[in-house]
Asks: 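Have a look at the structure that comes next, please.
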Protein chains: 2
Amino acid sequence: MRKDSRLSRMLHVLIHMDQLDAPATSEKIATMLNTNPVVVRRTMAGLRDKGYVTSVKGHGGGWSLAVALSDITLLDIHNALGESSVFTIGLSDEHTSCPIEIAVNQAISDVLIEAEALLLERFRDVTLDKLAVGFADYPLNQQTSSGE
Amino acid sequence: MRKDSRLSRMLHVLIHMDQLDAPATSEKIATMLNTNPVVVRRTMAGLRDKGYVTSVKGHGGGWSLAVALSDITLLDIHNALGESSVFTIGLSDEHTSCPIEIAVNQAISDVLIEAEALLLERFRDVTLDKLAVGFADYPLNQQTSSGE
DNA sequence: CATCACGAAACAATAAAAGTTTCATGAGTT
DNA sequence: AACTCATGAAACTTTTATTGTTTCGTGATG
């Protein structure tokens with residue numbers, strides 16, 4: 001099953017953005033993430049709608065942080081990315097009136113809800129400034145050495 | 001992101017199988033799950049390898065439970081299905097030597113590990129016989145009413 | 001007014017999962 | 001022995017979600 005690394009990637013980008021004087025263009029961010037500008041815009045749009053970043057058109061434009069890293073939590077970004085569920089596990093719906101299917105789904109659902117609650121609680125405890133340590137002079141647009 | 005309902009489906013099937021006198025064919029199970037026999041064999045093969053079910057070829061053949069429902073946990077079946085991870089959330093790997101990426105991935109990973117541990121612990125607590133209640137005379141091959 | 005950069009929409013490519021087809025093998029039935 | 005049923009295995013096709021691409025429009029800077 002495919003993984004969604006957008007949370008990790010966006011956190012990474014946001015923290016680097018905090019180090020910059022000028023806005024970061026979609027092109028620049030795309031290069032950093034080994035992807036393309038349109039995907040960056042699509043993803044960043046969600047963060048902008050929640051007020052965590054701003055976008056400016058034209059010369060010198062691009063993306064900037066709208067709030068301090070200390071005011072953004074992992075949960076904020078997770079929610080802004082609009083992932084439907086954190087689990088790959090789903091329920092069945094072939095026989096919604098079958099008592100066995102109901103019992104099975106209820107048991108699984110109980111566990112998923114509890115585990116997700118824990119996960120979101122932990123995400124809420126971590127603000128981005130706690131992750132922005134020891135970066136010193138690591139450049140935003142440095143290329144990966146593990147790439148092609 | 002796509003959901004994997006195999007756990008729910010297989011639990012449902014196993015509990016029904018416990019009610020049957022004869023082995024259930026892949027064809028019969030496939031009909032129940034609105035899928036096809038080959039997918040059933042692929043999935044059941046994992047359970048057979050772990051010893052939870054047996055398969056018999058030829059006349060009167062099919063799939064049977066190999067152990068009591070009370071000796072199978074949700075965790076057993078979850079593991080037998082061989083899901084790599086229960087989360088849709090993944091880590092980034094564009095800049096594995098970047099301190100920020102490392103810190104971000106570590107923070108996310110810590111949370112995922114804790115949440116997954118809780119989830120697996122809960123799955124281990126539930127044996128299938130606990131879910132096999134109130135099924136009375138609900139037939140294995142009853143068709144869904146929510147289908148197309 | 002030329003350039004830069006986002007916004008939006010339509011379209012193409014990719015990859016994972018599920019579905020399909022075919023043939024082989026083994027187990028009962030007659 | 002021949003027939004039928006059902007799994008086992010392999011190759012292939014289909015489906016679907018995501019990602020990537022292209023194009024055009026708009027606004028902002030110089």
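Because the structure is a prediction, the values reported are computed rather than measured. Reminder, nothing fancy here: chain letters follow the sequence lines and each chain counts from 1.
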Asks: B:Glu27 has an atom CD; how far is it from atom P of D:dT7, in whole Å?
Replies: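 After rounding, the gap between these two atoms is 9 Å.
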Asks: Of the listed nucleotides (D:dT19, C:dG19, D:dA6), which one gets closest to any side-chain atom of A:Val39?
Replies: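 So the side chain of A:Val39 is nearest to D:dT19.
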Asks: Do A:Ser70 and A:Lys130 have side-chain N/O donor and acceptor atoms under 3.5 Å apart?
Replies: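 No - no donor-acceptor pair under 3.5 Å links their side chains.
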Asks: Answer with yes or no whether the side chains of B:Thr54 and B:Trp63 bring together a donor and an acceptor at under 3.5 Å.
Replies: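 Looking only at side-chain atoms, B:Thr54 and B:Trp63 do not form any donor-acceptor pair under 3.5 Å.
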Asks: Using atom CG of A:Leu33 as one end and atom P of D:dG20 as the other, report the distance to the nearest whole Å.
Replies: 10 Å
Asks: Strictly by modelled atom types, are A:Asn105 and B:Ser8 linked by a side-chain donor-acceptor pair under 3.5 Å?
Replies: yes
Asks: Tell me the interatomic distance from A:Asn36, atom CG, to C:dA12, atom C1', rounded to whole angstroms.
Replies: 13 Å
Asks: Does A:Arg6 or B:His59 map to a spot on DNA chain D nearer the 5' end, using the closest nucleotide for each?
Replies: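 Nearest-nucleotide comparison on DNA chain D picks B:His59.
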Asks: To the nearest Å, how far apart are A:Leu81 CG and D:dT18 P?
Replies: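 That distance rounds to 13 Å.
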Asks: Between B:Arg41 and A:Val38, name the one whose nearest nucleotide on DNA chain C is closer to the 5' end.
Replies: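 Nearer the 5' end of the strand: A:Val38.
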Asks: Just the rounded figure in Å: distance from P of D:dA17 to CG of B:Asp4.
Replies: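 For the pair B:Asp4 CG and D:dA17 P, the rounded distance is 15 Å.
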Asks: Below 4.0 angstrom from OP1 or OP2 of D:dT7, is there any side-chain N or O of B:Ser55?
Replies: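 No.
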Asks: Is it true that the side chains of B:Thr96 and B:Asp93 contain a donor and an acceptor less than 3.5 Å apart?
Replies: no
Asks: CH2 of A:Trp63 versus P of C:dC6: gap in Å, rounded?
Replies: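 Interatomic distance, CH2 of A:Trp63 to P of C:dC6: 7 Å.
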Asks: Test B:Tyr52 against every option in B:Leu65, B:Leu14, B:Ile72 by the side-chain contact (heavy atoms from CB on, under 4.5 Å) rule and name the one that passes.
Replies: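 Of all the options given, the one that passes is B:Ile72.
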Asks: Verify the contact: side-chain N or O of B:Ser26 to OP1 or OP2 of D:dT7, cut-off strictly under 4.0 Å; return yes or no.
Replies: yes
Asks: Taking only N and O in the side chain of B:Thr35, is any of them less than 4.0 Å away from OP1 or OP2 of C:dG19?
Replies: yes
Asks: Of all the choices, C:dC4, D:dT19, C:dA18, which nucleotide is nearest to the side chain of A:Arg42 once you look at every atom?
Replies: D:dT19
Asks: How close or far is atom P of C:dG7 from atom CG of A:Leu47, stated in whole angstroms?
Replies: 12 Å
Asks: Of the candidate nucleotides C:dC6, D:dT7, C:dT29, which contains the atom at the shortest distance from the side chain of B:Lys57?
Replies: D:dT7
Asks: Rounded to the Å, how far apart are B:Lys3 NZ and C:dA18 P?
Replies: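 Value for this atom pair: 14 Å.
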